[in-house]
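First the structure, in the form of structure tokens, and then the observations on it.
Both backbone and side-chain heavy atoms feed into the values below; hydrogens, waters and symmetry mates do not.
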Amino acid sequence: MLSFLVWLVLLFLCWPIALLALLLYPVVWLLLLPFRLLGIGVDAVFSLLRAIVMLPARVLGYNPAR
């Protein structure tokens, strides 16, 4: 909601830049998509490594919720 209000203020103050931002937003989103997918993959790898390292402790009865 805040970004929409900022865009409306930009539209009021300088409408060509606001329209350019509106047209470039999907292009920027598509360019950043591979980096988001890479971040998800790296997070998954780190979670897997953490689970592997913590497996012996969990087998011995460690419960992180306590």
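- Between the CG atom of D43 and the CG atom of L48 there is a distance of 11.5 Å, given to the nearest 0.5 Å.
- A continuous path of ILVMFWY side-chain contacts below 4.5 Å connects W15 to L22, so both sit in one hydrophobic cluster.
- Between F35 and L32, some side-chain heavy-atom pair lies under the 4.5 Å cut-off.
- Under the 4.5 Å side-chain contact rule for hydrophobic residues, V9 and F12 share a cluster.
- Hydrophobic clustering keeps V27 apart from L30 (ILVMFWY residues linked when any side-chain heavy atoms are closer than 4.5 Å, directly or through intermediates).
- With rounding to the nearest 0.5 angstrom, the CG atom of L10 is 12.5 Å from the CG atom of L5.
- For the atom pair CG (L38) and CG (L33), the distance works out to 11.5 Å, reported to the nearest 0.5 Å.
- Under the side chain to side chain contact (heavy atoms under 4.5 Å, CB included) criterion, F4 pairs with W7, L8, sequence neighbours left out.
- Rounded to the nearest 0.5 Å, atoms CD1 (I52) and OG (S47) are 11.0 Å apart.
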